[in-house]
Amino acid sequence: MLAVRPLPVHPAFHRRLTFPAWPAPDVSAGIAFTRSTLDAWYPGADPATAADVMLVAGELLTNAAEHAGGPLALVLRRTPHDRIRIEVTDAAPATPQLQPFAPHTPRGHGLRIIDHLATSWGCRPAGDGKSVWAECDLTPAPPPGRPHRTG
């Protein structure tokens, strides 16, 4: 497991969404929370990059819902160098593992998506469970007339 130095907590660059134990957590609420945070912290973010960040958040939340009894919290932190850290805490202690690529199966690709889109990701113990985190770079949208990243 990768050792990670704690990030400073500044109220303006730290947001937390706590999920109720019942009814089952709504992953879409976490994605909307991520979108509103991106709009506030990175108003000039490239739309394709912002979509990647929301996809990473959605995969982290879905993995917690599918494999760990549901997410307990979603924490977003703005880090130096135009990065956002997405962290999802759940009550299951098992560390997620990348599975061999199986293109014929419709499920089980979440960590591969995270691994592909995030700058870095990992897992750390949190109480009786764990927190799975990912950091994504955010770049401002290109000036008009300039091509932007696709795919």
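Nothing fancy with the numbering, it's 1 onward along the sequence. What you see is a predicted model; the values in this text were computed from it and never measured.
Note: Glu66 CD to Thr62 OG1 = 7.0 Å, rounded to the nearest 0.5 Å. To the nearest 0.5 angstrom, Leu61 atom CG is 10.5 Å from Phe33 atom CZ.
The minimum heavy-atom distance between Ala45 and Leu138, with the atom names listed, is CB-CD2, 4.3 Å. Considering every non-hydrogen atom in both Trp41 and Arg15, the closest pair reads CZ2-CG, 3.7 Å. The two atoms that bring Thr34 and Leu76 nearest to each other are CA-CD1, 3.8 Å, heavy atoms only. Counting all heavy atoms, side chain and backbone alike, Trp133 lies closest to Cys123 at NE1-N, 3.6 Å. What you find for Thr79 and Ile84 is that their closest heavy atoms are OG1-N, 4.3 Å. The two residues Pro71 and Ala65 come nearest to each other via the heavy atoms CD-N, 4.0 Å.
For the pair Arg78 and Tyr42, the cation sits on the ring face: its NZ or CZ lies under 6.0 Å from the ring centre, inside 45° of the axis.
Qualifying salt bridge (Lys or Arg N to Asp or Glu O under 4.0 Å) partners for Glu87, counting only residues two or more places apart in sequence or in other chains: Arg77, Arg85, Arg124. By the salt bridge (Lys or Arg N to Asp or Glu O under 4.0 Å) test, Arg83 is found to be paired with Glu135, Asp137, residues two or more places apart in sequence or in another chain being considered. With sequence neighbours excluded, the residues satisfying side-chain contact (heavy atoms from CB on, under 4.5 Å) with Ala134 are Val56, Leu60, Ile114, Ala118, Trp121.
Val75 and Leu55 fall into different hydrophobic clusters, where Ile, Leu, Val, Met, Phe, Trp and Tyr side chains are chained together by heavy-atom contacts under 4.5 Å. Ile86 and Leu72 are not part of a single hydrophobic cluster, where members link through side-chain heavy atoms under 4.5 Å apart.
Annotation: side chain of Leu117 is not in contact with side chain of Glu59 (no heavy-atom distance under 4.5 Å).
Within the structure, salt bridge (Lys or Arg N to Asp or Glu O under 4.0 Å) pairs that include any residue of residues 89-100 comprise Asp90-Lys130 (at least two apart or interchain). Applying the salt bridge (Lys or Arg N to Asp or Glu O under 4.0 Å) rule to pairs touching residues 33-44 yields Arg35-Asp39, sequence neighbours excluded.
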Below 3.5 Å, can you tabulate the donor-acceptor pairs from side chains in residues 23-31 to any protein atom, sequence neighbours excluded?
residue	atom	partner	partner atom	Å
Asp26	OD1	Ser28	N	3.1
Asp26	OD1	Ser28	OG	2.6
Asp26	OD2	Ser28	OG	3.0

